[in-house]
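Everything numeric in this text was worked out from a predicted model, so none of it was measured. All chains are named by letter (A, B, ...) in the order of the sequence lines, taking the proteins before the strands, and each is independently numbered beginning at 1.
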Amino acid sequence: MREADRLAISDVLIDYCRFLDAMDLEAIARLFTRDCIVDYGEHALLRSNGADALALSLQRMWRWARTSHHLSNIRIWFDGPHAAHSVSYVLAWHERPDGSTATILGQYQDGFTLTENGWLISQRKMFCNGNDAGFSVPIHFFERRKPPQGWTPPQIDSR
Amino acid sequence: MREADRLAISDVLIDYCRFLDAMDLEAIARLFTRDCIVDYGEHALLRSNGADALALSLQRMWRWARTSHHLSNIRIWFDGPHAAHSVSYVLAWHERPDGSTATILGQYQDGFTLTENGWLISQRKMFCNGNDAGFSVPIHFFERRKPPQGWTPPQIDSR
Amino acid sequence: MREADRLAISDVLIDYCRFLDAMDLEAIARLFTRDCIVDYGEHALLRSNGADALALSLQRMWRWARTSHHLSNIRIWFDGPHAAHSVSYVLAWHERPDGSTATILGQYQDGFTLTENGWLISQRKMFCNGNDAGFSVPIHFFERRKPPQGWTPPQIDSR
């Protein structure tokens, strides 16, 4: 089960959220490998090659006045002694200086490498499960399966 | 503390959420025992006996266009070498094809059995801690304790 | 990594949320040391010395009709064999008897002591990352770093 490795990887995923809400971008860069590939969406500004480029790119988060990134549903699989991948969910709340807000419910799909500095994120791709009307960043869309042919909705809601 | 068993049970709870958002109902069925009892509320459509019946029943989730189930507050207790029970919280966001949304904040109270296929959910009951105006599925209501006789609210909010 | 200690501390953090939503204040008192210091904000009603005073103070939560406290992002560090500290995130939803709601997205910064009754919270300070318009309790404000001189926002949102 590699409990210690799982906890170490969890800690990295959580630190990303904490450091982002604190806008400690130097600390965020240290969570990723030097040659990491990060891909939040098709837009050029949503893609980074390398930890330093990522930290620079995440300066975009200063366009929000406050943020809160709540990480849950952490699943980790090992691909060998020095490699792992994970899926985790995030509820990310953002507030603009004018007080309006934007929330995304999404998932990170990450690759990890065990380095001399511990487990680091070597690959990250983000998908959007859902979002409110205030959120308009074009994150990758998460695809669910389609209903079978001829499926009709049951009457279950109380109104 | 049985750390490995706790992680295995956590994984099942999380997989349920992930598979539901992906509408992979075959994968959901494999998380439950063949004879599981699942009870989300009084409505007949909210109750299932057996993993196959549950998977069939969860086809109802296709009436939403998108969902995101965020699991947290996982507590696990062991009742012997092959039995456990848990409480976990879920923030479940749902969007209709017309773009309107429904959110429930609830808790799963589950029983687990260790089988030859690992830890599986043998019993599930869901309770609603809270919900927004858009959510109208009649999930079991979570009861909190009542205030003592004569209790009066303090003035603490800033408005 | 002290996996068992980490799980035990996690359990205390989660139980606080569960017991608060159930308004089981006697059970909450047993999660804190007798001489704990709890500080949710500057307001006198938001500060408590000792587990009994805390339980009494939390009677204020009865002014809500329903609550749901979702804990995530749990990070734990050990400061010796009998001491630890943690940061954890909470999404706390509250509903008034009139049906209006208030949500805070915040973080607990806690100190723990290992006692003969297990790991207990000896110090708690709460910070507000964000909140909706309905939430007006003056919780400590979480400060993020400021942008560098001359920073200008990129055009990344799709509207």
Quiz item: Looking at A:Phe19, is A:Arg30 sitting on its ring face, NZ or CZ under 6.0 Å from the six-membered ring centre and within 45 degrees of the normal?
Solution: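 Here A:Arg30 fails the 6.0 Å and 45° test against A:Phe19.
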Contact origin within [X] toward chain B - heavy atom pairs under 4.5 Å:
X        : value
A:Arg6   : side chain
A:Phe127 : neither
A:Val87  : side chain

Quiz prompt | Proximal component of B:Glu95, with respect to chain A [non-hydrogen, under 4.5 Å] | solution =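 Contact with chain A is through the side chain of B:Glu95 alone.
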Quiz prompt | Region of B:His70 that comes under 4.5 Å of a non-hydrogen atom in chain A | solution =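 Both backbone and side chain.
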Quiz prompt | Heavy-atom closest pair, residues A:Leu45 and A:Ser57 | solution =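 Looking at all heavy atoms of both residues, the closest pair is O-OG, 3.3 Å.
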Practice problem: Mark yes or no for whether A:Asn73, through its side chain, and B:Leu71, through its backbone, hold a donor-acceptor pair below 3.5 Å. | Solution: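 Yes, the answer is positive, given that a donor and an acceptor are paired below the 3.5 Å cut-off.
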Quiz item: In terms of heavy-atom pairs under 4.5 Å with chain A, which of B:Ala65, B:Ser10, B:Ala44 leads?
Solution: B:Ala65
Quiz item: So which of B:Ile74, B:Leu91, B:Thr67 has the biggest tally of heavy-atom pairs under 4.5 Å with chain A?
Solution: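 Heavy-atom pairs under 4.5 Å are most numerous for B:Thr67.
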Quiz item: Below 6.0 angstrom between ring centroids: does that apply to A:Phe135 and A:His94?
Solution: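 Between A:His94 and A:Phe135, which both carry aromatic rings, the centre distance is below 6.0 Å.
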Practice problem: Indicate yes or no: at least one non-hydrogen side-chain atom of B:Asp21 is less than 4.5 angstrom from one of B:Arg18. | Solution: no
Quiz item: Is the closest side-chain donor-acceptor distance between B:Asn117 and B:Thr115 under 3.5 Å?
Solution: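 No, B:Thr115 and B:Asn117 have no side-chain donor paired with an acceptor closer than 3.5 Å.
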